[in-house]
Peer 1: 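The structure's right below; bear with me while I get my questions together.
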Amino acid sequence: MITLRLALGSILFVALFATGSMAQNNRTFVSGAGSDSNPCSLTSPCRTFGQAISVTNSGGEVVVLTSAGYGPFTINKAVTVEAPAGVYAGITATGLSDGIDINAGSMDIVILRGLTVNSEGSAGSGIVFNSGAALHVESCVANGFTNGFGIAINNFGNIFVTDTIARGNQIGMLVDPTGTGTTATAYVVMDHLHLDANSVYGLGVEPSGIGAVVTAAIRDSSASDNDGVNVGIGIIAAGVKGATADLDIERCLIANDDVGVFMQDGAVSISNCTITRCKGGYSENFGSPLYTRGQNTISGNGPNVGSLTALAGQ
Amino acid sequence: MRSLRFALRFALGPILFVALFATASIAQNNRSFVSGAGLDSNPCSLTLPCRTFGQAISVTNTGGEVIVLTSAGYGPFTINKAVTVEAPAGVYAGITATGSSDGIDIDAGSMDTVILRGLTVTSQGSSGSGIVFNSGGALHIETCVTSGFLANGSVDGIHGSGIGINNFGNVFVTDTIARDNDIGITIGPTGTGTTDTAYVAMDQVQLDGNTVYGMFVIPSGPGAIVTAAIRDSSASDNGEGNGVGIFAAGVNGGTADLDIESCLIANNDGSGLTEGEGSGSKGAMSISNCTITGNTGDAYFSSGGTIYTRGQNTIIGNGSDSGSLTALAGQ
């Protein structure tokens, strides 16, 4: 027993020592009046997300105390970055920069809440998921990425986007992980999104390569007025080069797009949706099923392409 | 599709560069700030905020943001560029219109996107309207309140509107209340002979307690089109004896198309819905998953336009019906 206790003590000591020098807070704080030479505590907050994240424990939180701009940053661990309602936290991307890059480990869960990401001529995108186990985007805004995407999901993982607006981008939200031969899946759940006024797509589900699968669902959302210089599409689901794009669309408004719903190489269901006043309502290609229970309002559009496949309600 | 997207990206690059260069000399902040304790002689920075939106907008770059730091009244203003004006939740930013003033006028360029978030626009006897879109590429109204614009026809028979869309463009109204005005939202662009369209998408909008109409869609003139959709919203308790919850009518050759999904249209003192296209005009309305109830007059009234239904609306307890509904097959 004594031997075991001593052995455990050494392990604990080593563990604490190893992490203590890099991160020590379960919750850190940033403020517009903060300084990165501070310890990021409540009374001595930091100025940037990057510094606050670096002194936050894995699984901890970075909380915004005052309205201000905080600048682009990268997340490389499991962490929550949150501006509570009542506090504005802006991230302005310029030049080649993205707004927020998530380059986390394969077991890391990243949570973004209440952040506003805006482009001033950036060539990049707003919120970019390059790696991680899970990403939650809640009550965020991604605006004006006319050369990129409001939200870009570039890898496999579990993605949740809730109460979020992606407007005025080239693509509102793009899910396009690349397969490497073995099966890998990005699971994406979207609720109460506004993917409006983007120039190419509102929502793009475009996995690419052998083995790449995206399984996505969106409800109570809008993909409207995505009408670009060429062809703007409200929602597109298209597997590329052997990939599979599965998408279920529930209670959404898809209006005034060049094409409302476009799909190929996968399966899409639409339920309780209104697809209206698009130059083309739906476009179903290569025999991929576009399922419906027959309770959508599809009216006042230009010509549709392909056909709908009946799905029995259960 | 993928190659098209990247071709577009490269094509946009040079245009953006030119645009940034051209505006850099007259405005300097990507993000400006206003505060109740601010001063317009300040640079509108976080530590030295301004007092008015007008000053803050003038020193903000195209595509930039003006952020409200503290709850206060900030006064009427005009927007003439692409910009966001935002009061975050928890901060009250009031705009009180008086005299002949509107609350917020949008007089932006044809490529400009204007975003309003979290603003409260009220009238103290103003003969104008709350948020008025006179020109611009796109307007997003999110989490705003407009209230009390009761011109009562005092100026040239014009009614006050909580939100007035007077021109063509892409308009989005979300999580917003327009109450106790003459008209909650008016969408009335005027055509000049060539086809032009106002695209309007509304989600979770309360258009209640207005004295004339909750929503008034009235494109006028040849070529004028309004293509509007509204979902999860309410147009209730509007009208004083002869009002309408939602009224859509093209006049003088204009076309009013409107799709209504999952809305409550209740207790209007007058009709629930009117689709009435004037001579030479055409238009259509669809209603889906709506509840139309307790209206003193017609549940729906169609005259010259078509009202489509898939047969899954609840229409009960209204005064009467006029005109007819046209069956639309669900797909």
Side-chain angles (χ1 to χ4, degrees), chain A residues 32-33 66-69 83-88 90 92 94 116 118-121 123 143-144 146-148 165 167-168 170-171 194 196-197 199-201 206 208 220 222 224-225 227-231 233 236 238 240 251 253 255-256 262 272 274 276-277 292 294-300 308, chain B residues 1-2 4-5 7-9 11-13 16-17 19-20 30-31 33 46-47 61-65 67-69 82 84 86-91 113 115 117 138 140 142 170-172 174 197 199-201 203 227-229 231-232 257 259 261-262 284 286 288-289 308 310 312 328-331:
Chain A
T66 66
S67 293
V87 175
Y88 170 92
T92 300
T94 61
T116 300
N118 193 46
S119 169
E120 281 285 0
N143 180 69
T146 54
N147 305 306
I165 296 171
R167 54 168 133 71
Q170 188 182 109
I171 295 176
H194 281 92
D196 300 333
S199 64
V200 178
Y201 313 145
E206 292 189 327
S208 175
D220 276 337
S222 170
S224 298
D225 284 84
D227 51 352
V229 176
N230 295 300
V231 176
I233 297 173
I236 179 169
V240 180
R251 279 202 304 277
L253 174 65
N256 304 335
F262 182 104
N272 289 310
T274 294
T276 182
R277 316 295 172 190
T292 169
Q295 24 64 295
N296 300 284
T297 299
I298 303 177
S299 167
L308 301 174
Chain B
M1 196 54 63
R2 184 166 290 242
L4 174 151
R5 182 205 313 157
L8 182 64
R9 178 195 291 188
L12 281 169
L16 273 170
F17 178 79
L20 283 172
N30 284 337
R31 185 177 299 111
F33 296 90
L46 179 60
T47 49
N61 287 326
T62 295
E65 301 165 288
I67 305 299
V68 182
L69 291 174
T84 296
E86 172 167 357
V91 174
T113 295
I115 300 158
R117 276 174 68 85
H140 299 259
E142 299 166 0
N170 292 355
V171 178
F172 307 83
T174 307
T197 304
Y199 300 97
V200 184
D203 192 5
T227 296
R231 72 185 285 272
D232 274 344
D257 289 330
D259 299 286
E261 173 73 38
S262 301
S286 74
S288 170
N289 289 313
Y308 292 102
R310 285 171 38 226
Q312 25 66 292
L328 175 73
Q331 295 188 68

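In what follows, chains carry the letters A, B, and so on, assigned in the order in which the sequence lines appear, proteins first and then strands, with residues in each chain numbered from 1.
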Peer 1: For the residue pair L46(B) and S67(A), what are the closest heavy atoms and their distance?
Peer 2: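 Shortest heavy-atom separation between L46(B) and S67(A) comes out as CD1-O, 3.2 Å.
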Peer 1: So which heavy atom on I298(A) is nearest to which on Q331(B), and how close?
Peer 2: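 That would be O-NE2, 3.0 Å.
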Peer 1: Which pair of heavy atoms, one from R31(B) and one from G69(A), lies closest together, and at what distance?
Peer 2: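 Of all heavy-atom pairs spanning R31(B) and G69(A), the closest is NH1-CA, 2.9 Å.
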Peer 1: Where is the tightest heavy-atom contact between L328(B) and S299(A), given as atom of each residue plus distance?
Peer 2: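 Reported closest heavy-atom pair: CD2-CB, 3.9 Å.
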Peer 1: Using non-hydrogen atoms only, which part of T174(B) is less than 4.5 Å away from chain A: side chain, backbone, both, or neither?
Peer 2: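 When you check distances to chain A, only side chain atoms of T174(B) fall under 4.5 Å.
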Peer 1: Check whether R231(B) reaches the backbone of R251(A) with its side chain - one donor and one acceptor, N or O, closer than 3.5 Å.
Peer 2: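 Yes, the answer is positive, given that a donor and an acceptor are paired below the 3.5 Å cut-off.
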Peer 1: Going by the rule ring pair (Phe, Tyr, Trp, His ring centres under 6.0 Å), which residues pair with F33(B) if we only count those two or more places apart in sequence or in a different chain?
Peer 2: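 Ring pair (Phe, Tyr, Trp, His ring centres under 6.0 Å) list for F33(B), sorted by chain: empty.
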Peer 1: Strictly distance-based, threshold 3.5 Å: is any side-chain N or O of E261(B) a donor or acceptor partner for the main-chain N or O of T274(A)?
Peer 2: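 Answer holds: no.
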Peer 1: Check whether T92(A) gets within reach of chain B through its side chain, its backbone, both or neither, counting any heavy atom under 4.5 Å.
Peer 2: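 Answer is both: backbone and side chain atoms of T92(A) are under 4.5 Å from chain B.
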Peer 1: Is any side-chain heavy atom of N256(A) less than 4.5 Å from a side-chain heavy atom of N170(B)?
Peer 2: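 Not in contact.
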Peer 1: Is there side-chain contact between E65(B) and N143(A), with at least one heavy-atom pair below 4.5 Å?
Peer 2: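 The answer is no, as the side chains (C-beta and beyond) never meet within the 4.5 Å cut-off.
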Peer 1: Taking R310(B) for the side chain and Q295(A) for the main chain, is one N or O donor matched with an acceptor at less than 3.5 Å?
Peer 2: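 Confirmed, R310(B) side chain pairs with Q295(A) backbone.
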Peer 1: Answer with side chain, backbone, both or neither: which region of T113(B) has an atom nearer than 4.5 Å to a non-hydrogen atom of chain A?
Peer 2: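 Looking at T113(B), nothing touches chain A.
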Peer 1: Test side chain to side chain contact (heavy atoms under 4.5 Å, CB included) on R117(B) and I165(A); report intermediate values, then the result.
Peer 2: CA-CA 12 Å; R117(B) 276 174 68 85; I165(A) 296 171; 3.4 Å; yes
Peer 1: How far apart are the closest heavy atoms of A201(B) and S224(A), and which atoms are they?
Peer 2: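 Scanning both residues completely, I find the closest heavy atoms to be CB-CB, 4.2 Å.
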Peer 1: Distance-only, no hydrogens or angles: does the N118(A) side chain make a donor-acceptor pair with backbone N or O of G63(B) under 3.5 Å?
Peer 2: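 Checked: pair present.
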Peer 1: Chain A heavy atoms under 4.5 Å from F172(B): which part of the residue, side chain, backbone, both or neither?
Peer 2: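 Answer is side chain: those atoms of F172(B) sit under 4.5 Å from chain A.
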Peer 1: For H194(A), give me all partners under ring pair (Phe, Tyr, Trp, His ring centres under 6.0 Å), at least two apart in sequence or on another chain.
Peer 2: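 Partners of H194(A) under the ring pair (Phe, Tyr, Trp, His ring centres under 6.0 Å) test: none.
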